[in-house]
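Inspection log for the structure reproduced underneath, given as structure tokens.
Count residues from 1 along the sequence. Just so you know, ligand 1 is whichever comes first in the structure, and atom 1 is the first atom listed for that ligand.
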Amino acid sequence: MSEQKSKNIKPETYDYDAVVIGSGPGGEGAAMKLAKGGLRVAVVEKYHDIGGGCTHWGTIPSKALRHSVSQLIELKHNALFTNNYPQKQSFTFADVLRHTEQVISKQVSMRSGFYNRNNCSLHFGEASFVDNHTIAVKNKDGNTEKFTAENVIIATGSRPYHPEDIDFSDANIYDSDTILSLDYQPQHIVIYGAGVIGSEYASIFRGLGVKTDLINTQNRLLSFLDDEMSDAISYHFRNSGIILRHDEAYKKIEAVKNGVVIHFKSGKKMKADCLLFANGRTGNTDKLNLQSVGLSPDGRGQLAVNPHYQTDVKNIYAIGDVIGYPSLASAAYDQGRIAAHVILTREGKKKLIKDIPTGIFTIPEISSVGKTEQMLTQQQVPYEVGRAQFKDLARSQILGSEVGSLKILFHRETKEILGIHCFGERAAEIIHIGQAIMEQKGQANTIEYFVNTTFNYPTMAEAYRVAALNGLNRLF
Ligand code: FAD
């Protein structure tokens, strides 16, 4: 580890004990823990509000949009409403965006309170390094202030990847940030990139009745998932009318009058009103003047860190999307708290949990924790499967949302839970019941917990009992 010391600055003369660059979940997690630990903390944010990409153009808007669209779908299909109440027949993207704006505003107001109550000094402007203890902040009026800090945490997040041969200034070519400015209702959208973000937006647009083509550069949808979950979401996407194309790559993206034409290497062509390009992300490191501290990000703008989230410069830490995988708000927050713990205690015993749950807010929703069947088969682990179909649960029938299932993978000898995979309404909540048991130590993390306890009835949680009985009955 190298440490480039600022000349003539002793620790007691630093303006702050720590400066956090970025106010997304990573920055917030770090800043709150440092402030509660008694340190003098400054947070620098280049956007005009705190909350990060997470609040303003990532997680929160996409989840609020998804929720509104899912409610619309329910209204359209629930006979109780369709038979008895006249309804507005169609809603536009602009209609559902309004709900999103309300949520963002509540989030900003609540999170601003955290900084105020914990005496974190907020600086709005773009931060860059002068040296490893000095930060320059250029505000929107062009003025620059400088201050010093003993520790610096980089939590600057990431942005959509823009290949040079695509003209993102064209009015009909969007990325996952600019799509929130879409002010007309397209008849037809092509979404290029079938990762989590592309798949979630495919659900949103299809739910609004937009003809939706989802282009996957790989040969399976969300191939990191358990095969059964990937098959299920592919089936439901196709069933809802999404056209899913695998193994495609664009050759040229051409802006035409009132639309976009995508030319594929496979020889196909597709014309749509607009394109959402959602294929890859780049770490926000280019404006940080990292060369002044001797750090160089990789080709995707990401920084390398050790398990304590320290970069190659000892007093500079990096957390969240700017360090790459898993690039989740949930993980970014915890990484921020771990980096702060290292700064506060100078020890690094705290670590991010091994099995980070995945929540994918498609329609239907998917969530997983632990190993997939493919992994266990490859590792030659003798596992068994317990399944519950949501359509067999009283609660699902009452809710009128019978699509979905819960699958528990467990060791057939020790009965230890090895993986849990769920799809259907509230999957991302349901997964946490199983996760809590899976993380118990000793004999407490077995599937038998679910048959030895009593569940509220009727609930979705009851799926665990049904799946556990199903799995245990397979043993001989
Ligand atoms: P961010 O939240 O991106 O915050 C970084 C902040 O740093 C920004 O406010 C930025 O303005 C600021 N900044 C950048 N450079 C500078 C600078 N030089 N000076 C000062 N400030 C700077 N994750 C989930 O867990 N669940 C989801 O459902 C989910 N859905 C998503 C949907 C979409 C469409 C997208 C794009 C992402 C989604 N994510 C989701 C990922 C999640 O949003 C990110 O993992 C998370 O925001 C990363 O947090 P962060 O703190 O690293 O960065």
Side-chain angles (χ1 to χ4, degrees), residues 19-31 42-67 100 104 107-108 111 122-129 135-140 144 152-161 174-180 191 193 195-204 276 278-290 301-303 309 317-337 339 356-362 365-367 427-428:
V19 169
V20 180
I21 309 176
S23 67
E28 181 186 303
V43 175
V44 188
E45 173 52 61
K46 76 170 182 189
Y47 192 59
H48 58 77
D49 265 332
I50 54 92
C54 175
T55 302
H56 296 282
W57 48 88
T59 313
I60 296 296
S62 61
K63 260 72 278 180
L65 279 169
R66 188 259 181 217
H67 177 71
T100 303
I104 293 173
Q107 284 282 314
V108 170
R111 298 189 182 286
L122 276 175
H123 300 256
F124 287 98
E126 189 169 80
S128 58
F129 284 93
I135 299 293
V137 180
K138 192 171 167 192
N139 70 24
K140 67 175 181 350
T144 301
V152 182
I153 300 186
I154 303 173
T156 47
S158 63
R159 61 181 183 277
Y161 167 60
Y174 295 89
D175 62 29
S176 64
D177 291 354
T178 57
I179 196 71
L180 298 169
I191 300 180
V196 174
I197 295 172
S199 297
E200 289 184 357
Y201 271 107
S203 294
I204 290 169
L276 166 56
N279 204 35
R281 296 188 65 81
T282 306
N284 290 327
T285 44
D286 50 328
K287 299 284 169 27
L288 291 171
N289 191 26
L290 288 173
Q302 294 170 357
L303 286 167
Y309 300 102
Y317 297 72
I319 52 169
D321 277 18
V322 77
I323 63 166
Y325 178 84
S327 293
L328 290 169
S330 47
Y333 188 81
D334 291 342
Q335 290 167 349
R337 285 178 56 81
I356 297 169
T358 309
I360 304 175
F361 297 86
T362 41
E365 199 167 297
I366 314 168
S367 196

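If you check each of Gly58, Ala127, Gly27 against atom 19 (N) of ligand 1, the one with the closest non-hydrogen atom is Ala127. The heavy atom nearest to atom 29 (C) of ligand 1, out of those in Thr285, Thr156, Thr59, Ile323, is found in Thr59. Nearest to atom 23 (N) of ligand 1 by heavy atom, out of Ala332, Pro326, Ala329, Gly22, is Ala329.
Looking at Glu28 against ligand 1, nothing comes within 4.0 Å, counting heavy atoms. With a 4.0 Å cut-off on non-hydrogen atoms, Ala155 touches ligand 1 through its backbone and not its side chain. Residue contacts with ligand 1 for Asp177 are absent, since no atom lies close enough (heavy atoms, distance under 4.0 Å). At a heavy-atom distance under 4.0 Å, no atom of His56 approaches ligand 1.
In terms of polar-atom proximity, defined here as any N/O pair under 3.5 Å, Ser327 does make such a contact with ligand 1. Checked by distance only, ligand 1 and Ser176 stay at 3.5 Å or farther apart across all their nitrogen or oxygen atoms.
Residue Ile21 approaches ligand 1 through these ligand atoms, each under 4.0 Å from one of its heavy atoms: 17 (C), 19 (N), 20 (C).
With contacts defined as side-chain heavy-atom distances shorter than 4.5 Å, the pair Leu303/Leu290 qualifies.
Partners of Asn279 by side-chain contact (heavy atoms from CB on, under 4.5 Å), not counting sequence neighbours, listed by chain and number: Tyr192, Thr217, Phe277.
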Listed pairs under 3.5 Å, donor-acceptor, residues 47-56 side chains, sequence neighbours left out:
| from | atom 1 | to | atom 2 | distance (Å) |
| --- | --- | --- | --- | --- |
| Thr55 | OG1 | Gly51 | O | 2.9 |
| His56 | NE2 | Ile50 | O | 2.8 |

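Put simply, no part of Val322 is less than 4.0 Å from ligand 1, judged by heavy atoms. Using a 4.0 angstrom heavy-atom cutoff, Pro25 counts as in contact with ligand 1.
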